[in-house]
Amino acid sequence: MITFYPGPSKVYPQVAEYAAEAIQQGIVSLNHRSAGFMDIVKETVQLLHEKLDIPADYHIALVSSATECWEIVAQSLTAETSLHPYSGAFGKKWAEYAYRIKPPTNLNEADVLCIVQNETSNGTQVTMETLAQFRRDFSSLIAVDAVSSMAGIAFDWTLADVWFASVQKCFGLPAGLAVLVYSPAALKRAEEIGENNHYNSLLFIHENFSKFQTPYTPNGLGIYMLMRVLQQVQPIAIVNTLTKKRAADWYAFFEEASLTLDSPAFKLLINDPATRSDTVIAVEGSEAAIKAIKAAAQQAGITLGNGYGDWKNTTFRIANFPAISDEEIGTLKKFLESYK
Ligand SMILES: *Cc1c(COP(=O)(O)O)cnc(C)c1O
């Protein structure tokens, strides 16, 4: 069975060995305040800086999920309230979570701008050019949900103060861990707000991570597997080139199919090439056609991603994540070409 589900998604095959190592070598039984464990956290943070080209002055912490990051931004970095210009289901959810913590009573005083860089639900993305425009127009903090693009494409990290991603998408790992990146300005804001009421208050997390520790017993297995995957992957500039090439090929593939058929059963959900995601391709069809192709793919040993939110029954999604091999992409293309 091969999977193109955009999260949880295909994990790197080597992850099986890494998990076995972590258990055989007793890593999962290490005390999380021991030197051995702190070394793993330290190396993981260093590798994130190195492989993802994260600026040296940006801080990195590991938490449990992107959803947790939504709450950390609201509780620890938002003094008044936040702005959420969204275009899909994840952006909407983020706004709902944030507004339960910091209600939108006075949006004129919003002090955090929250952007979903890659909207997994409909396969759109916010380009670095658009983010640069936000940076020019908004003088306060910018927080970016990059769950389904971090480790898949390159970012200009300086265009935002907070970036986060859980690892079950482009990192090619099992769920249960998230990477939280924050700038010196974000840390300064956390200090000004001084919020320290939660186990996951950013100041408390920061204090722990500055000693390569964590506030609570962390997902040690997940951290170890992240470290091992980061050792294995290419630098982000190389991954970025591959992801974008594959994305361009996928979009050309579906555009060609629409041109050569009179009434194509499927077409790309997003018409504007400038907003199409590099890492999640959304394909639209009638409810019946979508149901049929997902079932036929399953029969052929291929899992397509279901639609999500408003697009649940009228789209399927194809993850374009680095752990997916050229051979698997070839298999799916062959299936789609022969599908009638
Ligand atoms: C998957 C996803 C999330 C949720 O991640 P969790 O690890 O389940 O919290 C948030 N935002 C986006 C854009 C996603 O794709």
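Note that ligands are numbered from 1 as they come in the structure, with each ligand's atoms numbered from 1 the same way. These numbers come from a predicted model, not from an experiment.
- Counting heavy atoms closer than 4.0 Å to ligand 1, residue Glu119 contributes nothing at all.
- Ranking protein heavy atoms by distance to atom 8 (O) of ligand 1, first place goes to Gln168 NE2, 3.8 Å.
- With a 4.0 Å cut-off on non-hydrogen atoms, Trp70 touches ligand 1 through its side chain and not its backbone.
- Residue Val147 touches ligand 1 through its side chain alone, judged by heavy-atom distances below 4.0 Å.
- Ring centers of Trp94 and Tyr97: at least 6.0 Å apart, outside the cut-off.
- Applying the 6.0 Å contact sphere to CD of Glu192 captures more than 12 heavy atoms from other residues, nucleotides or ligands.
- The ring-ring contact (aromatic ring centres under 6.0 Å, His included) search around Phe90 returns Tyr308, not counting sequence neighbours.
- Those atoms of ligand 1 that come under 4.0 Å of a heavy atom in Asn118, given as number and element, are 13 (C).
- Residues that satisfy the ring-ring contact (aromatic ring centres under 6.0 Å, His included) test with Phe212, not counting sequence neighbours, are absent from this structure.
- Ligand 1 has an N or O atom lying under 3.5 Å from an N or O atom of Ser166, backbone or side chain.
- With a 4.0 Å heavy-atom cut-off, ligand 1 is reached by the side chain of Lys169 but not by its N, CA, C or O.
- Classified by interplanar angle (parallel below 30°, tilted 30° to 60°, perpendicular above 60°), the ring pair Phe254/Trp250 is parallel.
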